[in-house]
Each structure stands twice: as C-alpha cells, then as structure tokens.
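Since the structure comes first, as structure tokens, the remarks are kept for the end.
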Number of protein chains: 2
Amino acid sequence: MKNTLTNRQQEVYDYLKRESRITGVMPSTREIQHFFGFASQTAAMNHLRALEKKQVIQRVPGKARAVVFPDELDREEIVDIPIYGNIAAGMGQDVDHEKEGCISIDIRSLGLKHNARTFALKVRGESMVDAHICDGDTVVLEFREPRKNDVVAALIDGETTLKRYVVENGKPFLRAENEMFPDLIPARELIIQGVLVALVRNAA
Amino acid sequence: MKNTLTNRQQEVYDYLKRESRITGVMPSTREIQHFFGFASQTAAMNHLRALEKKQVIQRVPGKARAVVFPDELDREEIVDIPIYGNIAAGMGQDVDHEKEGCISIDIRSLGLKHNARTFALKVRGESMVDAHICDGDTVVLEFREPRKNDVVAALIDGETTLKRYVVENGKPFLRAENEMFPDLIPARELIIQGVLVALVRNAA
DNA sequence: TCGAATAGTGTTCAAATAGATACATGAAGA
DNA sequence: TCTTCATGTATCTATTTGAACACTATTCGA
C-alpha cells in the first residue's frame, strides 16, 4: 500500500521529479494539469493527494508549489567540487582553473567541513598505487596548509604530482608515493596545491 | 561585481539556501519579510533583485516561490545510496537491511545507471589492500550478476567479504583479494551480494 | 454485488503571492 | 558635490494557486 504506484501516478511522480530537477521549480497543480492535458485542475489535485497518501511526496498546506520529496529532505548538505584537470598530466600553475566537470556529493561522506575550499583532480597513470590511489581515480584536495604525513598535490616542473608531506629533523620534505622514485624534495621550494582529503573511484 | 555580496545579502542568501534545504520549500517574499522582521515586503523583493543581479540566484517571473540556485541547476542527478553495514564484520544474510546512513552523490561521478540498484558497505580491516581498498573505505555495490574479474561481495560463514570473481576452465571461482588467504572457492556455493562499482574514501 | 480506489470533468472561491509605485536615508565612489 | 547602491517603509493591484464541492465512469477485490 506504500510503494505500489499506478502507472499514471508514476507518470505524475516522474514529471514532478524531472521538472523540479531541471527547472528548479516545483510545478503547480495547474502546470501539472496542462502538462497531462487534463480538462480540470482537480485531476492534478487528486493525483497529488494519492501520491501523498502513498508517502512518496509530502505537501505543505496553504503554500504554493509546496510539494516535497521526503527522501531528499533528510539528505545531507551537498557540495559541488569542481574537477580541474589531471594529476601528472597538466594543470599549469596559473591556468585559471578551467572546470572539466563536477563531483556533487554530501559533505558527510567525504568528511568535509562546510566551509572547506576543495577541488578535484583525475589521476592518470599508476604512479600512486603505493598509496592505494589508482589510474582513473578522482582525488579531492583541500586548499590548506599540509600537516605531517598528509598526502599533498605539488607542482613540480609544470606537472602536478602526489607526494607525502613528511617532516625529518624539523624540516619538511616531500616523499614520492612510488618506490620507483625515492625522491626527497625540500618542501619549501615548491608549490603545494592542495591536501588530499578524499577519493572517489569509479570501478564500473 | 559578481560575488561580492553585502553582509545583509549574504544573510538573505543563506536563509534561502538553508530554508529550502531543510523544509524543501523555497520561502516566499513575505516569509523572507517576516523572518528578517521587515515592515515591508518590498524589502525582501529588493534583496531578491539584488541577489539576482549578482548572479547567485535566478527567478522565474510570475511563478510563486520561484527562486532557483543556478549552481544546483546544472547539477547531475543525485542518488542516495544506503549504507547497510560493514564488510567482514556482520551483515547477516537475512538482516533486513538496517540503514546506517547514506551516501548522496551524482550518478555520473560513480558511473551509475539511473536505474541501478545499489548499496554501500564500510570496509573494516586491511584484508582488501591488494585491491587498493583500505580500512575505512566505503564501497558501493550493485545488485547484479557478476562478470569475469569483477570484485564481488560474498557472504561466507555469516560474514561479508570482498573477493574477485574469476573464471577458470569455464568454472567460476572466488579468489581472495589478500595474499594471506590464497583461497579459491567455488562461486556456485555462495551468495554473492553485490558487484563492486565504486568506492569512496575519506582521507581527512 | 457492494464499496473502495482510480481517474476524471466543470465550477467557484479565497488565500497566497509577485510585482509595481512613491518615498526616505545613509554610505561609497567619481 | 552628485550619483549610485544598499536598505528600508507604506500601500495597492493583478495574478497565481490551493482548495472545496458536485458529479461521472471504470476497475478490482471481498
């Protein structure tokens, strides 16, 4: 009795969902009426009532366009993290951050603070497998000062690479996260673009 | 001239964002008025006009509560993936899927299809590091038939573990993703709960 | 075969809402 | 100094919109 929408009700539900996502505005009863070609606005009202009874929407009485999807209501806050480019493949120093897409994800899953300034980079190549970061992964970086043993994105010779930020004898160094490159680069001389805070892998 | 909101305008913007997220309904100009204690509804109108001029909101003329956030508009569709429990720590066979939270993420970042049936599990322990899956990672699994070399979640002795689904001599086997356990278990005898499609790591 | 749920038409009303117009004041810039 | 912008008050209007009421027809399960 909860989720068994009729075909027609599913159509109305899908319309509401689609329209509110694309336009950002929930349709009014009359917009529903006209979309489905109803001769009467009451038909739309009836469908809304039915959908509400079956728990898939909620309505706030007396307010205009006040149809709410309960699922989306108890959702965490969502942030849009811009993807700026590739690791070890570009992202010059002063490239003015040309966006190549976006990750939209709730802040809790990434453990982000609300005000954190973050961006993302696509990983190319197998150079970070030692840190369990694979080719094709998307790493999320925060723009802040690195702490000891953070993984950081550093700009070296015009290329961005991931290194671990280590402190030895009180001095900061960058250690490569790949045993093929046992470098130890003084951290003071380079530009650290961000600190790794999260990772998203698409394995499909 | 774009992003330089005044303090008051930022307050109004935050109010709109917060209210629409929590209640699911965008405030009307009169609700804005009353929230801020304006004596006139025009004050709210003026602020909306200012915010629109500065590009942080859009409005649809003639429609009620039709304030839109442009950033959220060109966002991909977002799915809520329920987190059901831990890998190698529980999730009995017929546990009726008690939800322990949710990952909300756009479908494109995870490469999911719109209709895919997915769920997520928290990884406990270092047993999957060979597949570059670490303690604390959240794996996203799809409920479908495994293909060759997929990583699958299998129920063995009342525990869920990740294995690789391999086919040798035409017969399916599960191979442990940890060199400490070089098992090769006939796949026919077990319950495969899902196929790994994505992974989210919180490194912060 | 009776009632409930589904799916509509047609009409009317009142509340919710956007929007316009006139006016005021103070701060910031040119 | 003059103008623009930010931030308001006060009032009125037209439109949008939810909501109620009366009525019809079909399907489906008990």
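If you're wondering where the values come from, they're calculated on a predicted model, not measured in any experiment. Values reported hereafter were calculated over all heavy atoms of this structure, with side chains retained and with hydrogens, waters and symmetry mates removed.
Rounded to a whole Å, the CG atom of A:L51 is 14 Å from the P atom of D:dG18. Between the CZ atom of A:R49 and the P atom of D:dA19 there is a distance of 8 Å, rounded to whole Å. Nucleotide D:dA19 holds its C1' atom 11 Å from the CG atom of A:N46, rounded to whole Å. The distance between atom CZ of A:R65 and atom P of D:dG18, rounded to the nearest whole Å, is 7 Å. Computed from coordinates, the B:Q10 CD to D:dT7 P distance equals 12 Å when rounded to whole Å. Here the P atom of nucleotide D:dC5 and the CG atom of B:L48 are 18 Å apart, to the nearest Å. Computed from coordinates, the A:E52 CD to D:dG18 C1' distance equals 13 Å when rounded to whole Å. Across the protein-nucleic acid pair, A:E11 atom CD and C:dT6 atom C1' stand 14 Å apart, rounded to whole Å.
Between A:F143 and A:F119, the gap from one ring centroid to the other reaches at least 6.0 Å. Aromatic rings of B:Y15 and B:F36 (six-membered ring for Trp) have centroids within the 6.0 Å cut-off, being under it. For B:F38 and B:H47, the ring centers sit closer than 6.0 Å to each other.
Within the 4.0 Å cut-off from OP1 or OP2 of D:dA19, at least one side-chain nitrogen or oxygen of A:R59 is found. Distances shown here put a side-chain N or O of B:H47 below 4.0 Å from the OP1 or OP2 atom of D:dT7. Look at A:R8 and you won't find any side-chain N or O under 4.0 angstrom from OP1 or OP2 of C:dT6. Close to C:dA4, at under 4.0 Å from its OP1 or OP2, lies no side-chain N or O of A:K53.
With B:D135 contributing its side chain and B:G125 its backbone, the two residues share a donor-acceptor pair below 3.5 Å. Looking at A:R75, its side chain never comes within 3.5 Å of a backbone N or O of B:I103 through a donor-acceptor pair.
Minimum heavy-atom separation, B:P27 to B:I32: CB-CG1, 4.1 Å.
Listed nucleotides D:dT17, C:dT17, D:dT7 differ in distance to B:K63; the shortest reach to its side chain belongs to D:dT17. Considering only the side chain of B:Q9, D:dA6 comes nearest among C:dA7, D:dA6, D:dA20.
Within residues 18-45 of chain B, the residues that have a heavy atom under 4.0 Å from DNA chain D are, in order of number, B:F38, B:A39, B:S40, B:T42, B:A43.
Donor-acceptor pairing under 3.5 Å is lacking for the side chains of B:T118 and B:E142.
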